[in-house]
2 protein chains.
Amino acid sequence: MTNKSPARTPRITIREVASDAGVSVAAVSKVLRDAYGVSDALRAKVQASMDKLNYRPLASARGLRGRTYTLGLVFPDLRNPFFADIFAGVNSALERTRYQAMQGVSVSASSLVEAMIDRQMDGLVLIGPNETNERLNDIADRVPLVAIGHHDLEDARFDTVNNDDQLGGRLAVRHLCQNGHKKIAMLSLAAPVSTVINQRELGYRLELTEQGLGGSINIVRAPQVLREVQLILRRLLEGKDRPDAIFCWTDLMAFEAISVATELGLSIPEDIAIVGYDNTVFCEFSQNRLTSIDQSGEVLGLQATRLLIERIDGRSHSEHFVVTPRVVARASSAKVS
Amino acid sequence: MTNKSPARTPRITIREVASDAGVSVAAVSKVLRDAYGVSDALRAKVQASMDKLNYRPLASARGLRGRTYTLGLVFPDLRNPFFADIFAGVNSALERTRYQAMQGVSVSASSLVEAMIDRQMDGLVLIGPNETNERLNDIADRVPLVAIGHHDLEDARFDTVNNDDQLGGRLAVRHLCQNGHKKIAMLSLAAPVSTVINQRELGYRLELTEQGLGGSINIVRAPQVLREVQLILRRLLEGKDRPDAIFCWTDLMAFEAISVATELGLSIPEDIAIVGYDNTVFCEFSQNRLTSIDQSGEVLGLQATRLLIERIDGRSHSEHFVVTPRVVARASSAKVS
DNA sequence: GCAAAAATGTAGAACGCTACACGTAGAACA
DNA sequence: TGTTCTACGTGTAGCGTTCTACATTTTTGC
């Protein structure tokens with residue numbers, strides 16, 4: 001059946017390079033890996049042949065013995081532009097290395113992670129993983145691992161890179177309080193309990209309490225589904241005890257909040273102030289003007305990659321990097337007199 | 001140096017499965033590939049051992065002889081939520097297959113494509129590639145290839161999946177005309193000339209001419225950079241000969257247009273109507289209410305994947321799939337009396 | 001000028017699979 | 001009964017690298 005497709009141009013192999021350069025295969029391999037014991041003369045000769053023949057080592061073959069020089073990134077979804085920031089950071093960290101990043105997308109990292117391990121990724125970066133430490137440790141036992149957005153550090157055999165989500169929650173609330181808001185609700189995530197969300201909720205709670213507004217704590221949770229979020233927001237905004245501000249766990253939700261509020265004829269920030277999280281590019285648009293907590297996705301991506309490569313290179317103790325979030329104030333939460 | 005990280009749990013190999021099941025390695029391999037010549041009894045025995053040992057074939061090793069069951073997707077960027085739709089289509093096509101998709105992101109596909117070929121992807125889907133047919137054919141000679149968003153079919157040795165971008169451009173203009181707009185500008189892409197953009201521009205031109213408005217053809221081109229787009233939009237909207245509608249080559253640009261127009265105190269659609277392309281989720285939000293041309297990203301992704309797998313399975317003639325776009329009308333281009 | 005050490009290069013055995021080439025046994029056919 | 005098929009298993013040679021030994025040459029130290 002499935003006859004091999006027509007005459008694919010065959011690849012140049014290390015053997016051909018070796019023979020062209022008049023050296024052994026081992027020598028070429030050494031040059032490739034800049035291993036010890038190569039004279040400048042030999043290196044030059046081999047380089048010349050590689051360039052001439054346009055040789056590229058085959059990752060599968062390398063993987064069978066050593067590294068594939070491939071890192072796997074696991075994103076929970078592709079719709080949130082925040083992940084583009086993280087990705088930019090990863091790329092800039094990879095710039096002068098021989099590593100390449102390959103992405104996968106999956107809400108439940110599980111099967112994708114296995115697929116990546118099957119494909120000999122040298123290391124994995126999991127972004128916002130909904131996994132227990134036990135499960136993550138299990139993965140970390142098989143491949144170098146860094147998690148971005150995971151706050152349970154107990155007994156972690158992997159690295160983490162986080163922004164201080166609790167502080168982020170606090171900052172959002174503090175900012176809203178400073179601008180005169182008293183009834184601050186939080187729109188949080190329902191379905192998969194994540195340590196990130198927990199921390200943001202905790203920050204929200206603590207700050208509200210410290211501001212003497214502990215009585216008005218009001219967390220509503222919605223799944224990621226557009227329709228559901230709309231419904232819940234509508235209920236929140238139409239209820240008789242309407243809040244005067246909403247802190248949304250991500251910009252995407254905040255945009256939805258703006259949408260629903262606008263639709264209900266409420267004006268922002270006079271009737272309802274809104275604060276998001278991530279400070280994505282869309283916040284800047286005049287139709288949104290969304291105040292947001294910036295967690296420097298680019299830094300997160302960069303640091304995660306740095307840590308991962310360190311791990312691949314042999315570090316065995318865990319490191320945990322934390323970024324301090326900051327408020328980027330825009331009209332959606334401006335002071336109302 | 002770089003001592004191998006601490007005691008990674010070693011992988012189960014085909015040999016161990018074979019010995020556990022009491023059969024030859026070749027037999028296990030046959031089961032794995034459901035090759036010809038396996039009795040039900042043997043298959044069952046092997047399956048049992050594989051399950052028991054939790055065996056997973058190593059893609060690198062497979063790749064050295066046969067397939068890796070990995071498809072590579074190349075996205076031009078990650079910020080545009082439209083690509084999430086395409087991805088959803090790819091995933092649904094992959095559902096009941098043994099293939100896995102890995103994504104990469106790169107404006108100039110070139111080096112990423114090489115990296116993917118190095119990594120033995122069984123086939124590639126290039127989304128909105130900025131490459132000549134010559135270059136694409138060169139790739140296609142080395143790996144099964146499908147391009148999404150590429151209109152030059154001449155002598156193409158790869159498959160393509162497109163929406164009819166020329167019709168899309170026509171539809172946008174026709175819709176605006178029907179709603180009473182006369183001076184319709186088009187915001188197009190500057191830097192990388194792409195066949196997609198060309199077609200949309202052509203559709204814009206042709207339709208405008210047919211509507212008897214050929215004299216008002218006005219195409220302004222901006223690069224993908226946010227700042228530049230703003231500048232150019234501002235110039236367009238502040239000029240003395242302001243258009244009464246803008247057709248933007250992608251929703252993202254349209255959102256920017258909404259932003260700039262709003263900032264300038266113009267109201268939409270009264271002062272300026274706006275139409276986008278892609279019909280991304282954000283169009284629906286009340287702060288945007290953006291009329292957009294829907295090109296069914298999900299269908300594009302699904303068909304591309306289907307074609308790619310056919311190619312991998314041996315088809316050697318090219319196929320070209322076309323989706324018909326449609327207008328999704330919203331407030332941003334409503335009729336003004 | 002000589003031994004020891006350092007530098008440079010090579011052979012060749014893996015790595016975990018696939019797939020070709022066979023071997024064997026029972027069924028079908030004449 | 002002998003011959004030819006067909007179905008089912010197995011042995012094993014690679015695939016393109018890496019990397020450990022080891023051999024050879026050059027440099028260093030005195």
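Here is how names work: the chains are called A, B, and so on, in the same order as the sequence lines, proteins then strands, and each is numbered from 1.
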Would you kindly give the [atom1]-to-[atom2] distance between [X] and [N], to the nearest whole Å?
X: D34(A); N: dT18(D); atom1: CG; atom2: C1'; answer: 14 Å
X: R65(A); N: dG16(C); atom1: CZ; atom2: C1'; answer: 11 Å
X: R11(B); N: dA14(C); atom1: CZ; atom2: C1'; answer: 18 Å
X: L58(A); N: dG16(D); atom1: CG; atom2: P; answer: 8 Å
X: I12(B); N: dG16(C); atom1: CD1; atom2: C1'; answer: 13 Å
X: R119(A); N: dC17(C); atom1: CZ; atom2: P; answer: 13 Å
X: I117(B); N: dG16(D); atom1: CD1; atom2: C1'; answer: 17 Å
X: L64(B); N: dA13(D); atom1: CG; atom2: C1'; answer: 13 Å

message: I'd like to check Q100(A) versus Y69(A) (side-chain heavy atoms, cut-off strictly below 4.5 Å). Are they in contact?
response: no
message: If the condition is side-chain hydrogen bond (donor to acceptor under 3.5 Å, both in side chains), which residues does N91(B) pass it with, not counting sequence neighbours?
response: none
Please name the pair of heavy atoms, one in [X] and one in [Y], separated by the smallest distance, quoted to 0.1 Å.
X: I148(B); Y: L300(B); result: CD1-O, 3.8 Å
X: P57(A); Y: L32(A); result: CB-CD2, 4.1 Å
X: A156(B); Y: N137(B); result: C-OD1, 3.7 Å
X: L112(A); Y: V105(A); result: CD2-N, 3.5 Å
X: D34(A); Y: R43(A); result: CB-NH1, 4.3 Å

Please tabulate the protein-to-nucleotide N/O contacts below 3.5 Å involving nucleotides 4-6 of chain C, giving atom names and distances.
none

task: Kindly write out the residues that satisfy side chain to side chain contact (heavy atoms under 4.5 Å, CB included) with S92(A), not counting sequence neighbours, or none if the list is empty.
output: L302(A)
- prompt: Short question: side chain of Q120(A), backbone of G63(A) - any donor-acceptor pair under 3.5 Å?
  reply: yes
Under 4.0 Å from OP1 or OP2 of [N]: is there any side-chain N or O of [X] that close?
X: S60(B); N: dC17(C); answer: no
X: R62(A); N: dT18(D); answer: yes
X: R33(A); N: dC19(D); answer: yes

task: Output the residues of residues 46-56 of chain A in contact with DNA chain D, where contact means a heavy atom of the residue under 4.0 Å from an atom of the strand; sort by number or write none.
output: Y55(A), R56(A)
query: Using 4.0 Å as the upper bound for N to carboxylate O, is an ion pair formed by E114(B) and R142(B)?
result: yes
message: So for atom CG, which belongs to D51(B), do other residues, nucleotides or ligands contribute more than 12 heavy atoms lying within a distance under 6.0 Å?
response: yes
List every contact pair, protein side and nucleotides 21-23 of chain D side both N or O, where the distance is under 3.5 Å.
none

Interface residues of residues 13-25 of chain B with DNA chain C (non-hydrogen, below 4.0 angstrom): T13(B), I14(B), R15(B), V25(B)
